[in-house]
Amino acid sequence: MLKDVITLDCIDIDLKGKTKSEIIDEMVDILYKNGKLNDREEYKKEILKREAQSSTGMEEGIAIPHGKTSAVKIPTVAIGISKQGVDYESLDGKPSHLFFMIAAPENSNDSHIELLSKITTLLLEDDIREALLNAKSKEEVLDILMKNAEKDNENSSLNQESNNNDSYQVLAVTACPTGIAHTYMAADALLKKGKELGITIKVETNGSSGVKNELTKDEIKNAKGIIVAADKNVAMDRFAGKNVDIVGVKEAIKNPEQLIKNALNQTAPIYHINSEGGSSDRFAKKPKTGVYKHLMSGVSNMLPFVVGGGILIAFSFMFGINSSNPNDPSYNAFAKLLNDIGSGNAFFLMVPVMAAFIGMSIADRPGFAPAMVGGLISLNSGGGFLGGLIGGFLGGYITLLLKKVFSKLPESLDGIKPVLLYPLFGIFLTGAVMYLFIVDPIATINTGLSNFLKNMGTGNLILLGALLGAMMSTDMGGPINKAAFTFGIAMIASGDYAPHAAVMAGGMVPPLGIALATTIFRNKFTADEKDAGKTCYVMGLSFITEGAIPFAASDPIRVIPSCMIGAAIAGALTMAFRIQLRAPHGGIFVLPIVNNPPLYLLAIVVGSVITAVILGFIKKPVNNN
């Protein structure tokens, strides 16, 4: 019964918190003070761990933080309303007003999980959200939910009807990391929209209590298309040869109609199993929207060229800095081969590829060619990395504009739009704007920035190194980290190799410092954390900053500042030592090609030790019994 998981004492219609962390604390306190939790801190850790995977802030002013752990005594939903709204890192970037914090015991049965999740699916209705926001009392909030839950139970979408002939037009799989709220909200959104459209649809939920409504072999064979809305791995090999649309779980909540229509029209790519026998699963662990999503699409697709090409270039330097130059006494034919492949080809493609995938993220495939041309124009005209960014966004948004303009043409011309109209006008307009307005100013900026960095005094360089190092450890793989990494790559592309040395040192320190702390201060960490610390050694040495995320998620107040201080010192030292790094990635494995390996290693060790010592002093001892 709904009244078993929502009680008046766990409702607050006037939350005081002004930040995301304050709201989480306030909601956790509601549960703890009313006897719903065994351990407040352990439950909060689970909430923060889920938030680190992706924010539970939805659109339309809703946030649904949730956790399933033994720290929960009684399955409960705490409800809070913030009149002023709070930035909860929601999908649409708007403030969140309605907060539903789900507390599920570790041994929750299926009925508990589905009941908790059903409450959140009610929020898909505009009128229910509006009524809750305008509620004047706790009793009114509870009454609104009770009445609508009873109405929804009469024709629940989650109670799917079987189809005796194993024939559904559309199949879907939903799964979120914890398998509580978003899994079932996405399923309900797809099922409701399918019913509205008159489409037969079956949704498999990969929830915390296991797989429900599992798709059969015959159902998969007979379906027109398949939707996988997931933020964690699900079984994918079974879909080989079918049109599969793979999206984040929130996309199914936000755009169920479009996903269903895509499945019916079979517009998604055919799913293949890779040549090594594994599945080619792609999941957006942190689905992003807007400019950042487009930028990360470009950067992530560019990275193979940067890493592969950059390390080949670095290997060529091991024969001598000028060993690829036929006119230099240190000339080596193999070094020239490495440099030609890395610099002349892989690095040459870096900017155009980045621009192309930014354009494709914005305007789908029609945006690919105009954006790539924009990136290539920048590369050939001195615009470099920054000009390529502009070219990618320019090509994508020009194509979007063309789509709107050409949408007024007769349907009989639809066939020539992607093969003639979009590439012709898109490439021309993007190229014209780049040549006439973009490349010359950007080239001037690039030259000025490069000269500025080269002429900076030691003190200013140290500050820059500290800033870059701190940025690498602030969000450990997030937008701030990526901004510093991208800046370092841009400097390599322009011939300045010092900033990226600070970037890599700053990125290696968090996991290495944490690993050292788990080794030296063993009483400050749980057995699981000490085991994870061993992995952090490998990840830190490999320049994988994300190895520190589980520790940062469970204790952000202590871990993140400790990492930032150590990383900032490491970055500052690399600049003070005038270290230059020509490889964009590789961690300890590219140490031999820096200009002063011992001092670079010293900078990393000093930063890591400082992080470990700070953590060792500020963390509280834990009971490992």
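- Residues Pro370 and Tyr422 share a closest heavy-atom pair of CG-O, 4.4 Å.
- Rounding to the nearest 0.5 Å gives a distance of 11.0 Å between NZ of Lys417 and CG of Leu402.
- In terms of heavy-atom proximity, Met27 sits nearest to Phe99 at CE-O, 3.6 Å.
- Counting only heavy atoms from C-beta outward, the side chains of Val86 and Ser96 never approach each other to under 4.5 Å.
- Every residue was checked against the salt bridge (charged side-chain N to carboxylate O under 4.0 Å, His left out) condition with Lys221, not counting sequence neighbours, and none meets it.
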Test side-chain contact (heavy atoms from CB on, under 4.5 Å) applied to Thr399 and Ile362, step by step: CA-CA 9 Å; Thr399 304; Ile362 294 169; over 6 Å; no
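- In terms of modelled atom types and a separation under 3.5 Å, the side chain of Ser361 and the main chain of Phe357 share no donor-acceptor contact.
- Applying the side chain to side chain contact (heavy atoms under 4.5 Å, CB included) test between Glu204 and each of Val228, Val211, Thr216 identifies Val211 as the sole match.
- Within 6.0 Å of atom CZ in Phe425, 12 or fewer heavy atoms from other residues, nucleotides or ligands are found, so the atom counts as exposed in its surroundings.
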Side-chain donor-acceptor pairs of residues 386-394 under 3.5 Å, sequence neighbours excluded:
none

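- In this structure, Tyr271 OH and Ile226 CD1 are separated by 11.0 Å, a value rounded to the nearest 0.5 Å.
- Contact annotation: the side chain of Leu413 never approaches that of Leu421 to less than 4.5 Å [non-hydrogen atoms, C-beta and beyond].
- Distance CG/Asn222 to NZ/Lys217: 12.0 Å, rounded to 0.5 Å.
- In terms of heavy atoms, Ile201 sits closest to Leu190 at CD1-O, 3.9 Å.
- Classification of Lys192 and Glu196 as a salt-bridged pair fails, no side-chain N sitting under 4.0 Å from a carboxylate O.
- With sequence neighbours excluded, the residues satisfying salt bridge (charged side-chain N to carboxylate O under 4.0 Å, His left out) with Lys20 are Glu51, Glu89.
- Annotation for Ile62 and Ile64: closest pair CG2-CG1, 3.8 Å, computed over non-hydrogen atoms.
- You'll find the ring centres of His500 and Phe485 inside the 6.0 Å limit.
- A salt bridge does not link Glu251 with Lys254: every distance from a Lys NZ or Arg NE/NH1/NH2 to an Asp or Glu carboxylate oxygen is 4.0 Å or more.
- Across all non-hydrogen atoms, the minimal contact from Pro418 to Pro423 is O-CD, 3.3 Å.
- Judged by distance alone, with hydrogens and angles left aside, the side-chain atoms of Ser407 form a donor-acceptor pair with the main-chain N or O of Lys404 at under 3.5 Å.
- Using modelled atom types, no side-chain atom of Gln169 and backbone atom of Lys224 make a donor-acceptor pair closer than 3.5 Å.
- Contact of the Asn243 side chain with the Ile270 side chain is registered, since non-hydrogen atoms from C-beta on lie closer than 4.5 Å.
- Under the 3.5 Å distance criterion, the side-chain polar atoms of Lys202 are left unmatched by any main-chain donor or acceptor of Tyr168.
- Ile24 contributes atom CD1, which lies 4.0 Å from atom OH of Tyr88 (distance to the nearest 0.5 angstrom).
- Evaluated for a side chain to side chain contact (heavy atoms under 4.5 Å, CB included) with Val234, the options Asn206, Ile246, Thr174 yield exactly one hit, Asn206.
- Side-chain contact between Thr69 and Lys45: absent, with no pair of heavy atoms (C-beta onward) separated by less than 4.5 Å.
- Val353 is listed as a side-chain neighbour of Met372, based on a closest heavy-atom distance under 4.5 Å.
- The OG1 atom of Thr267 lies 9.5 Å from the CG atom of Leu259; values are rounded to the nearest 0.5 Å.
- For Lys403 (side chain) and Ala363 (main-chain N/O), a donor-acceptor pair under 3.5 Å exists by modelled atom type.
- Contact of the Arg365 side chain with the Met360 side chain is registered, since non-hydrogen atoms from C-beta on lie closer than 4.5 Å.
- Taking the side chain as every heavy atom from C-beta outward, Val373 and Thr430 never approach each other to under 4.5 Å.
- Put simply, the side chain of Ile79 does not reach to within 4.5 Å of the side chain of Leu132, judged on heavy atoms.
- The distance from the CG atom of Leu264 to the CD1 atom of Ile199 is 4.5 Å, given to the nearest 0.5 Å.
- Here the closest non-hydrogen pair linking Gly488 and Val503 is CA-CG2, 4.4 Å.
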